[in-house]
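Lettering of chains follows the sequences in order, A, B, ..., and the numbering in each one begins at 1. From a predicted model like this one, the values you see are computed outputs, not experimental measurements.
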Protein chains: 2
Amino acid sequence: MPKPANAVHNRIALFRTERGLTRKVLAELVDVNPQTIGFLERGDYGPSVELALKLARVFGVPVDALFSLEPFPALANQLSAPPSSESP
Amino acid sequence: MPKPANAVHNRIALFRTERGLTRKVLAELVDVNPQTIGFLERGDYGPSVELALKLARVFGVPVDALFSLEPFPALANQLSAPPSSESP
DNA sequence: ATGAATCATTGTGTAAACACAATATTCGCA
DNA sequence: TGCGAATATTGTGTTTACACAATGATTCAT
C-alpha cells in the first residue's frame, strides 16, 4: 500500500466535499467501488483517463483542474482578493 | 486484442502527425514504449491519467483536447471559416 | 526496384488498477 | 454517552496497462 513516488496529484476530495458528496455516491456516479475513490483521494494510485474523464464530468471541470503532474497549490493561493471594506 | 466497446477516444495520431513526430520519438518524450503509442492510437486500450497528462503536456493542449468519452468530431467540423477571396 | 524507416501484429510477462468482502476507526449528532 | 454514518485498512482475486522481443506489412525516398 505504499504510495508510489511518481504519484499524480488530484483534488478529488476537495471537489467532492465542496459538493457535499459522500464517497459512496460519488463512486456510484462514476461507476466504481467506494473504496476506489478512497484509494484515489489519498494518492495510493492514479486512475485511468476514462475514470478521470468521468470524475471531471461529474464535477463539471476539465481534467486538468482535477489531476496534475505537479502538486496543486493551496487553494488560498488561487483565490482572488475578496471585496474588502477597507479602502485602498 | 479486441478493442473494448467502452473505449475512450483520442486524437493522439492527429496531434502527433501534425507536429511531424514519429511514434518512437513521441514514446521517448513521454517515456513509454513505441508500441504503447500504437496501442493507444488505435484505441486498443486507454492510458493512465499520468500518461494522458504527459501526452497533453507534450502537445501543449489540455487533456480534454486529447481524450474524450465521446467520439471527436471530424476536424473539418471544428474549423472556423477560412478567409475567403469571395466577397460576402 | 531496393532498401530503410515507420507502422502493425503477435506473444509473453509483470505491475498496477480495479472489484469485492470484512473488519477497524473516526466522526458527527441525538 | 453511545449510535450510526462515513472513512480507513487489510486481504484476495481479476483485468488491463504497460514492457520487451520478434516478425511482417507499409510507406517512402533514392
Side-chain angles (χ1 to χ4, degrees), chain A residues 1-59 63-72 75, chain B residues 1-59 63-72 75:
Chain A
M1 321 95 184
K3 85 181 52 175
N6 22 331
V8 31
H9 306 85
N10 75 79
R11 296 201 277 200
I12 300 175
L14 182 73
F15 281 103
R16 180 179 60 82
T17 58
E18 189 185 32
R19 310 288 159 105
L21 299 177
T22 179
R23 286 185 181 172
K24 184 169 181 295
V25 319
L26 177 56
E28 285 161 0
L29 287 173
V30 297
D31 200 41
V32 294
N33 268 322
Q35 22 220 23
T36 293
I37 303 294
F39 279 114
L40 295 178
E41 287 188 352
R42 66 186 94 103
D44 281 344
Y45 52 66
S48 60
V49 245
E50 184 179 359
L51 183 47
L53 286 165
K54 286 181 181 176
L55 287 165
R57 185 174 55 182
V58 163
F59 294 133
V63 170
D64 304 82
L66 249 190
F67 299 93
S68 171
L69 295 171
E70 307 295 329
F72 283 101
L75 64 167
Chain B
M1 321 96 190
K3 84 182 50 177
N6 23 331
V8 31
H9 306 84
N10 73 79
R11 296 200 279 200
I12 299 175
L14 182 72
F15 281 102
R16 180 179 59 82
T17 58
E18 188 185 33
R19 311 287 159 105
L21 299 177
T22 179
R23 287 184 181 174
K24 185 169 181 293
V25 320
L26 176 56
E28 286 162 359
L29 287 173
V30 297
D31 200 41
V32 294
N33 267 325
Q35 21 220 21
T36 293
I37 303 294
F39 280 115
L40 295 178
E41 286 187 353
R42 67 186 92 103
D44 281 343
Y45 52 65
S48 60
V49 245
E50 185 179 359
L51 183 47
L53 286 165
K54 286 180 180 177
L55 287 166
R57 185 174 53 182
V58 164
F59 294 133
V63 170
D64 305 81
L66 250 189
F67 299 93
S68 171
L69 296 170
E70 308 295 328
F72 284 101
L75 65 167

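- Spacing between atom CZ of B/F39 and atom P of C/dC7 amounts to 15 Å, rounded to whole angstrom units.
- Within the structure, a side-chain polar atom (N or O) of A/T36 is placed less than 4.0 Å from OP1 or OP2 of C/dA19.
- One N or O donor and one acceptor, one from the side chain of B/Q35 and one from the base of D/dA21, sit under 3.5 Å apart.
- Between B/E41 and B/A13, the closest heavy-atom pair is OE2-CA, 3.5 Å.
- Formation of a donor-acceptor pair under 3.5 Å by the A/R16 side chain with backbone atoms of A/L21 is found in this model.
- Of all nucleotides listed (D/dC18, D/dA19, C/dC18), D/dA19 comes nearest to the side chain of B/N33.
- Among all heavy-atom pairs drawn from B/L40 and B/N10, the shortest one is O-ND2, 2.9 Å.
- Taking atom CG of residue B/L40 and atom C1' of nucleotide D/dA19, one finds them 13 Å apart after rounding to whole Å.
- Checked by atom type and distance alone, the side chain of A/D64 pairs as donor or acceptor with a backbone atom of B/V63 at under 3.5 Å.
- Rounded to a whole Å, the CD atom of A/E50 is 12 Å from the C1' atom of D/dT16.
- Across C/dA17, D/dT9, D/dA17, the shortest atom-to-atom separation from the side chain of A/R42 is found for D/dT9.
- A straight line from NZ of A/K24 to P of D/dG4 spans 17 Å, rounded to a whole angstrom.
- Among all heavy-atom pairs drawn from A/V8 and B/E50, the shortest one is CG1-CB, 4.5 Å.
- For A/T22, a side-chain nitrogen or oxygen approaches OP1 or OP2 of D/dT7 to under 4.0 Å.
- When the P atom of D/dA17 is taken as reference, atom CG of B/L53 falls 17 Å away, rounded to whole Å.
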I would like to know whether A/L69 and B/K54 meet side chain to side chain contact (heavy atoms under 4.5 Å, CB included); could you show each step before the answer? CA-CA 8 Å; A/L69 295 171; B/K54 286 180 180 177; 3.9 Å; yes
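- Residue B/F15 is tested with B/F72, B/F67, B/F59 for a ring-ring contact (aromatic ring centres under 6.0 Å, His included); the sole match is B/F59.
- Across all non-hydrogen atoms, the minimal contact from B/V49 to A/A52 is CG1-CB, 3.2 Å.
- B/E41 has its CD atom 14 Å from the P atom of C/dT6, to the nearest Å.
- Within 4.0 Å (heavy atoms only), B/P47 reaches sugar-phosphate atoms of the nucleic acid but no base atom.
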Which pairs, protein N/O on one side and nucleotides 23-30 of chain C N/O on the other, fall under 3.5 Å?
none

Take B/L26 and B/I12 through the side chain to side chain contact (heavy atoms under 4.5 Å, CB included) test and state the conclusion after the steps. CA-CA 10 Å; B/L26 176 56; B/I12 299 175; 4.0 Å; yes
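- With the nearest nucleotide of DNA chain C identified for both B/R16 and B/S48, B/R16 has the one nearer the 5' end.
- C/dC18 atom C1' lies 13 Å from atom CG of A/D44, rounded to whole Å.
- Looking only at distances, no side-chain donor or acceptor of A/T22 sits under 3.5 Å from a matching main-chain atom of A/V25.
- Stem regions for DNA chain C, each three or more consecutive Watson-Crick or G-U pairs with both distances under 3.5 Å and listed by first number, read C:1-30 with D:1-30.
- Counting to the nearest Å, the C1' atom of D/dT15 and the CG atom of A/D31 are 15 Å from each other.
- Relative to the side chain of B/V32, the nucleotides D/dT9, D/dC18, C/dT10 differ in distance, and D/dC18 lies closest.
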